[in-house]
Structures are given as C-alpha cells and as structure tokens.
Amino acid sequence: MKFRLPKNRKLNIGLYISGLCIISLVLYSTIFAGTYHSNYVSPTPTGTSSVDPSTGLVYKTYPEKGKKTTILLDAGHGGMDGGNTVNDTILEKDINLSITNKVADYLNELNPNIVVKMIRTDDSVPWLTDELSDLNYRLEQQTKQEAEYFFSIHCNSYADPSIEGAVFFVNPTDEVMKDLTNKMGENFQEIQWCQQYSIVDNQLLQVVTMSEIHSALIELGYMTNADNLAHLTNSSEQDKVAKTIAATISDYIMENPDAPKYEKPEPESTTQSASSMASAESQAGSLIASQRSEQQESNSAQDPAADPNADPNQASNQDPNQAANPDQPADPNQQPPTDPNQPQENTSEPINAG
C-alpha cells in the first residue's frame, strides 16, 4: 500500500512550510537563545528583600553583577570648622562624620556593585583653614575619585526651636537627584526620622551647583529642635537613618541602571570669592526655617482653636519650598521666587550650607 499526499498540493506545501518554521523556532530558542542567555547578566538583578523590625522598612541586598557605580560621600565640615554647635559641646561636624561613616558601611553591606569613596573618614582634613579651600577640595574630589553621585551630609539650625525636618539641595536640571531625594525624604518619614522634608533646587551651593555629577547636599535635621537633636545624637537613630540613606541610594541605582548622566548647564557667572559665598549663605541659610515658621503661623491663623490670639487675616506669602541655611537669621529683604518649582535666574555666587 503506497502513501499518497493530499490532492490539494497548495495545502500540502503550506503545511510543509509551516512545519519548517516551527522546527526553526524551536531550534533557535533551545540552542542559540539558550546559549546566549546562559552568559547574560541582567542589568537590574533582583535584590533579596528583608524587613527591618525597628523601622518596618524593606531593605534589599544585591548580588554582584559586574558593573560598578562610584559614590562619593562627604561628611560636612571637619577640622577647624565645627559647623553648628549646641552648648559648645555638640558639634555638627561630629554628627555628620558619624552618620556618613555608617552610610558607607551600610552601602558596602547592601550592594557590592557600589564603590564607596569618602571625603573624610575622621576629623583630620587635607585642606587649609579657609572656607574656599574647603569647598574647592570637596569639588575637586568629585572628579578625582571619578564619582557618579555625590552626597554631602549636614545638620541644620535655626532660632525657632519648633522648626524641624530634612532639606535636600539639588540642581534645578538634575531630575535624577530630585527623584532620588524625594524617595529618600519619603523613607525618612516612614521611619519617623522627621515629620517633613523639602527639596530645594534654586539656591547656589558650590559643592552642588558647580558639580558635574549627580549631587545633593542633605540637611538631616535641626540641631535646635529637641526631637531632631535627640535623633541626630542617638546611635541607634543614626543607624536607622544611615541605613535608610544607603538603601535608598542602592535601590535607586539598581532600579535605574540607564539613568542619564548629569549635564551641567553653562554658568551665567564664573567669578568666585569666599566673601560673596559667605554673604549669600547668610541670606539663604534660614529661609526654609523661617518659611516653615510662617507657614505654621498661617495654619494657626486658619485654625482659631489652635491659636486664639492669631490674626485670621494674616497669611504667609513665602514659599515653604525655598532654600534654607541655619546659620544666620533670615534676610528681611530677601524675596522668595514666584515659582519654586522652576529654576530661578540668579547670578550670585555658589555658596556653602550649614
């Protein structure tokens, strides 16, 4: 008995070609694609999640994947410059150093794909005693260490002890750092480190404004606020915020492997002087704090039960998202920008922050 093909030759040819296509796809997926994927390393490896019992925050530990990202951490002030002080015994530079060293330790623990570099790891500093040498050294190290991200850690202060919270200074065109610091601020609130945070992108701070990489200056809290100071000086609270900073940075970098590099805009003014920086610092320094204070007064005015002596017609016309520096009282002649979410035209010189 002989096998005969169907009489419809076109149907037969179609079935034959379809069969060849299916066989080809199977061979491709099992041989070529299988070999390729066996050597392929995902750009975003999944981290192993764990919940910190003290904070409830989820932390991820990542496997090594080959590509490294370099981060430069800066503990603000140091050496002869103590920064803000409380009763001449609690120095900002010591708090900054303690927390920054802990951030470095947690980054190394959570993510082997991050290379951590430090401006200083103790109180000895290589720069001269003048402020300009200090700032220039920190800026130069961003390039010398070939860093891709820079974080400078500080503490705030203000005359009104009720003012609290974190402040993040970033560049107006740095959307990557805005996203990262916004997530960090949300995590600060989640671990109950602070009640509020602000992201400021319209103040000139030399280590941020003149940077050519993703940069942020982080004011962790107010040393003049009792609750903030208690957190800033407590070892276990320092551990919490340091691990949160490290985890936020680590997660963001791993979840955004294709994040664009920061492109520094052309400066409107290149002239620098220590005196102009100090002058600008005194004006910018306490703006966030003063505006938060006025916002509180405005809220009280809207709620007679909260303040029976408040003037209900009084309202704050200042923007709570405008920048702050804790070291000096607010300049009464300083006017807030019309729209804090847009970069402001400003030809003043880059400044330092407390």
Side-chain angles (χ1 to χ4, degrees), residues 55-57 76 84 86 92 95-96 99 103 151-170 172 177-203 205 208 216-234 237-238 240-245 247-249 252 284-303 306-307 310 314-330 334 336-337 339-341 353-354:
T55 64
L57 202 65
N84 295 308
V86 176
E92 179 194 350
I95 298 174
N96 298 342
I99 294 176
V103 172
F151 298 90
S152 185
I153 294 178
H154 290 252
C155 301
N156 242 327
S157 70
Y158 187 59
D160 183 351
S162 69
I163 301 303
E164 69 89 46
V167 183
F168 302 93
F169 291 93
V170 301
M177 195 56 81
K178 287 181 183 180
D179 289 343
L180 195 158
T181 53
N182 184 62
K183 181 60 178 176
M184 190 177 294
E186 291 175 350
N187 288 339
F188 282 2
Q189 291 177 323
E190 186 171 342
I191 66 170
Q192 298 182 344
W193 171 260
C194 60
Q195 297 179 29
Q196 57 185 334
Y197 68 93
S198 301
I199 298 176
V200 180
D201 66 358
N202 54 8
Q203 291 296 315
L205 305 176
V208 175
L217 188 146
I218 306 171
E219 297 278 10
L220 286 173
Y222 286 83
M223 295 173 63
T224 44
N225 177 271
D227 291 337
N228 281 183
L229 182 63
H231 282 175
L232 289 166
T233 55
N234 182 278
E237 292 294 330
Q238 288 185 0
K240 285 201 308 186
V241 77
K243 190 172 185 179
T244 301
I245 293 171
T248 306
I249 295 171
Y252 188 90
S286 56
L287 218 45
I288 278 281
S290 64
Q291 288 158 358
R292 285 179 179 172
S293 180
E294 292 199 13
Q295 183 64 40
Q296 290 177 2
E297 293 177 6
S298 176
N299 292 339
S300 297
Q302 296 173 17
D303 183 5
D307 184 1
Q314 182 179 3
S316 170
N317 61 355
Q318 286 187 306
D319 169 26
N321 292 321
Q322 176 66 26
N325 183 309
D327 297 336
Q328 300 292 340
Q334 181 77 18
D339 182 357
N341 296 318

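When reading the values below, keep in mind they use all heavy atoms of this one structure, side chains included, and skip hydrogens, waters and symmetry mates.
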Next item on the list: Any chance you could measure H154, atom NE2, to N96, atom CG, to the nearest 0.5 Å?
Entry: 6.5 Å

Note to self: Classify the ring geometry of Y197 against F168: parallel below 30°, tilted from 30° to 60°, perpendicular beyond 60°.
What the structure shows: perpendicular

Item checked: Interatomic distance, E92 atom CD to L232 atom CG [nearest 0.5 angstrom] -> 9.0 Å

Next item on the list: Supply the atom-to-atom distance N182 CG to N187 CG, rounded to the nearest 0.5 angstrom.
Entry: 9.5 Å

Check: Within the distance-only criterion (no hydrogens, no angle test), does the side chain of K183 pair as donor or acceptor with the backbone N or O of I249 below 3.5 angstrom?
Finding: no

Check: Does CD in Q192 sit with more than 12 non-hydrogen atoms of other residues, nucleotides or ligands closer than 6.0 Å?
Finding: no

Check: Atom SG of C155 and atom CG of N225: how far apart are they, to the nearest 0.5 Å?
Finding: 12.0 Å

Check: Quick one: CG on N234 to NZ on K240, what's the gap to the nearest 0.5 Å?
Finding: 8.5 Å

Note to self: Quick check: closest heavy atoms across G165 and C194, and the distance to 0.1 Å?
What the structure shows: CA-CB, 3.9 Å

Item checked: Side chain proximity check, V241 to H231, heavy atoms < 4.5 angstrom -> no

Note to self: As a quick check of understanding, evaluate side chain to side chain contact (heavy atoms under 4.5 Å, CB included) for Y222 and V167, giving each step before the final call.
What the structure shows: CA-CA 10 Å; Y222 286 83; V167 183; 4.2 Å; yes

Checklist line | Intermediate values then yes/no, side chain to side chain contact (heavy atoms under 4.5 Å, CB included), L57 and K243 | finding: CA-CA 10 Å; L57 202 65; K243 190 172 185 179; over 6 Å; no

Margin query: For the CG atom of N228 and the CG atom of N156, what is their distance to the nearest 0.5 Å?
Written below: 9.0 Å

Next item on the list: Dump the intermediate steps for side chain to side chain contact (heavy atoms under 4.5 Å, CB included) on M184 and I245, then the final yes or no.
Entry: CA-CA 7 Å; M184 190 177 294; I245 293 171; 4.0 Å; yes

Item checked: Test item: F151 and M177 side chains (from C-beta on) under 4.5 Å apart, heavy atoms -> yes

Check: Does a sphere of radius 6.0 Å around CD in Q195 hold more than 12 heavy atoms from other residues, nucleotides or ligands, not counting ones at 6.0 Å or beyond?
Finding: no

Note to self: Donor-acceptor check, side chain of T224 to backbone of Y158, threshold 3.5 angstrom: yes or no?
What the structure shows: yes

Item checked: Working for side chain to side chain contact (heavy atoms under 4.5 Å, CB included), residues L229 and V86 -> CA-CA 9 Å; L229 182 63; V86 176; 4.1 Å; yes

Notebook entry, point to check: Are any non-hydrogen side-chain atoms of I95 and T233 less than 4.5 angstrom apart?
Noted result: yes

